[in-house]
Amino acid sequence: TSVACAAEGCIVNRLTGKAQVMREGLLIDLREKDLLKKNDHILTEAGAVLDMSLNDLAGARILPQSEVEVTDSKSDNMVLNVVKGNLIVNLKPLPSDSNFHVETPTAVATVRGTQFWGRLEENSGIPVTTFAVRQGLVDIMYKVNFGHIYSLGPGHALDLPKSSTETAATLRKALPEELKAMEQADAIPTEAA
């Protein structure tokens with residue numbers, strides 16, 4: 001474990017293309033080995049892919065044209081907020097005193113050790129959150145539906161509309177393209193490079 005990563009919790013491992021971080025009102029170009037801090041908003045441009053590690057326990061890949069906030073990076077409570085776009089996560093089995101969450105406007109996913117995908121996209125102007133699981137289990141709390149919790153296992157997916165007045169949550173088999181995209185989780189390092 002590098003001293004810098006242990007102190008901050010989160011570091012850029014790999015970067016292809018251009019990504020920036022919005023920090024304290026400033027837009028800063030990111031490079032490999034840069035530390036990421038609590039409340040940083042990471043923005044990837046078209047064609048850009050950013051891999052980061054959190055506390056040598058979790059690896060996250062931010063796909064092109066996405067925005068992800070590092071809500072918390074401490075090892076006992078790692079939280080990433082998908083503002084828009086796609087995030088693929090590779091997570092080691094976590095120690096009992098550690099938590100990892102992915103948030104979107106409609107849901108909170110809680111995981112202990114797994115590979116999964118979280119996506120937030122506009123569908124006719126309505127943000128829709130999708131989670132798909134490759135390995136392990138993910139519990140997803142649907143904020144709109146009074147905290148209803150869905151448990152997803154390998155090969156399953158869940159689509160959540162922004163409001164309960166839209167269509168209800170849809171539990172389904174993960175699509176072949178979702179399963180194919182999640183294969184890249186194997187290549188996402190959990191430890192700082």
Side-chain angles (χ1 to χ4, degrees), residues 10 14-17 19-22 36 40-54 58-71 78-91 100-145 148-164 166-188 190:
C10 191
R14 285 190 285 223
L15 176 59
T16 305
Q20 296 177 308
V21 62
M22 176 66 75
L36 297 166
D40 278 355
H41 279 256
I42 302 157
L43 305 141
T44 55
E45 293 188 356
V49 175
L50 182 142
D51 286 354
M52 63 180 175
S53 69
L54 291 92
R61 175 167 289 171
I62 303 172
L63 297 178
Q65 296 179 301
S66 297
E67 179 181 351
V68 174
E69 178 190 9
V70 179
T71 307
M78 297 170 276
V79 182
L80 298 176
N81 180 11
V82 180
V83 179
K84 72 172 185 178
N86 293 273
L87 177 73
I88 295 177
V89 176
N90 183 23
L91 197 64
F100 186 92
H101 305 280
V102 172
E103 293 188 13
T104 73
T106 56
V108 178
T110 303
V111 293
R112 304 263 343 133
T114 191
Q115 293 179 347
F116 74 102
W117 179 10
R119 174 177 65 216
L120 179 65
E121 63 182 19
E122 295 285 328
N123 184 2
S124 303
I126 300 164
V128 175
T129 296
T130 298
F131 288 101
V133 177
R134 182 172 182 226
Q135 295 176 4
L137 295 172
V138 177
D139 286 335
I140 299 161
M141 184 193 69
Y142 188 18
K143 295 177 185 177
V144 173
N145 194 2
H148 185 81
I149 295 177
Y150 297 86
S151 291
L152 290 185
H156 289 91
L158 180 68
D159 298 315
L160 300 166
K162 183 170 182 163
S163 74
S164 57
E166 309 301 328
T167 58
T170 306
L171 187 59
R172 60 178 171 77
K173 293 270 187 197
L175 301 172
E177 55 267 26
E178 291 169 332
L179 293 169
K180 180 76 176 149
M182 287 187 289
E183 288 177 7
Q184 62 187 294
D186 289 335
I188 303 170
T190 55

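Only heavy atoms go into these numbers, but all of them, side chains included; no hydrogens, no water, no symmetry mates.
A 4.5 Å side-chain heavy-atom check between Met22 and Glu67 finds every atom pair outside the cut-off. Counting only heavy atoms from C-beta outward, the side chains of Ile42 and Val70 approach each other to under 4.5 Å. No side-chain heavy atom of Thr190 sits less than 4.5 Å from a side-chain heavy atom of Ser53. Taking 4.5 Å as the limit, every side-chain heavy atom of Val138 sits out of range of all side-chain heavy atoms of Ser151. Here the side chains of Tyr142 and Thr129 are not in contact, with every heavy-atom distance at 4.5 Å or above. Looking only at side-chain heavy atoms (C-beta outward), Asp51 and Gln184 stay at 4.5 Å or farther from each other. Side-chain contact between Val89 and Val111 is absent, with no heavy atoms from C-beta onward closer than 4.5 Å.
Put simply, CG on Leu80 and CE on Met52 are 4.0 Å apart, with the number rounded to the nearest 0.5 Å. Taken to the nearest 0.5 Å, the CG atom of Leu137 stands 9.0 Å off from the CG atom of Leu152. In this structure, CD1 in Ile88 is found 11.5 Å from CD1 in Ile62, a value given to the nearest 0.5 Å. Between atom CE of residue Met141 and atom NE2 of residue His148 there is a gap of 11.5 Å, rounded to the nearest 0.5 Å. Lys84 contributes atom NZ, which lies 15.5 Å from atom OG1 of Thr104 (distance to the nearest 0.5 angstrom). In this structure, CZ in Phe131 is found 11.5 Å from CG in Asp139, a value given to the nearest 0.5 Å.
Listed for the Asn86 side chain is no donor-acceptor partner under 3.5 Å among the backbone atoms of Leu63. Side-chain atoms of Thr44 come within 3.5 Å of backbone atoms of Ser66 as a donor-acceptor pair (strictly under, hydrogens ignored).
Side-chain contact check for Asp186 and Gln115: at least one donor-acceptor pair (N or O, by modelled atom type) lies under 3.5 Å.
Nearest heavy atoms, Ala187 versus Arg61: O-NH2, 3.9 Å. Summarising the geometry of Val108 relative to Lys143, their closest heavy-atom pair is CG2-CE, 3.6 Å, with the distance given to 0.1 Å. For the residue pair Gly153 and Val133, the shortest heavy atom distance occurs at O-CB, 3.4 Å. The two atoms that bring Pro105 and Val82 nearest to each other are CD-O, 4.0 Å, heavy atoms only.
Ring-plane geometry between Phe100 and Phe116 is classed as perpendicular, the angle between the planes exceeding 60 degrees on a 0 to 90 degree scale with a lower cut at 30.
Residues forming a side-chain contact (heavy atoms from CB on, under 4.5 Å) with Gln65 (at least two apart in sequence, or on another chain): Ala46. Qualifying salt bridge (charged side-chain N to carboxylate O under 4.0 Å, His left out) partners for Arg119, counting only residues two or more places apart in sequence or in other chains: Glu121, Glu178.
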(message) Test side-chain contact (heavy atoms from CB on, under 4.5 Å) on Asn81 and Val79; report intermediate values, then the result.
(response) CA-CA 7 Å; Asn81 180 11; Val79 182; 5.6 Å; no
(request) Give the C-alpha distance, both sets of side-chain angles, the deciding distance and a yes or no for salt bridge (charged side-chain N to carboxylate O under 4.0 Å, His left out) between Lys180 and Glu177. (result) CA-CA 5 Å; Lys180 180 76 176 149; Glu177 55 267 26; over 6 Å; no
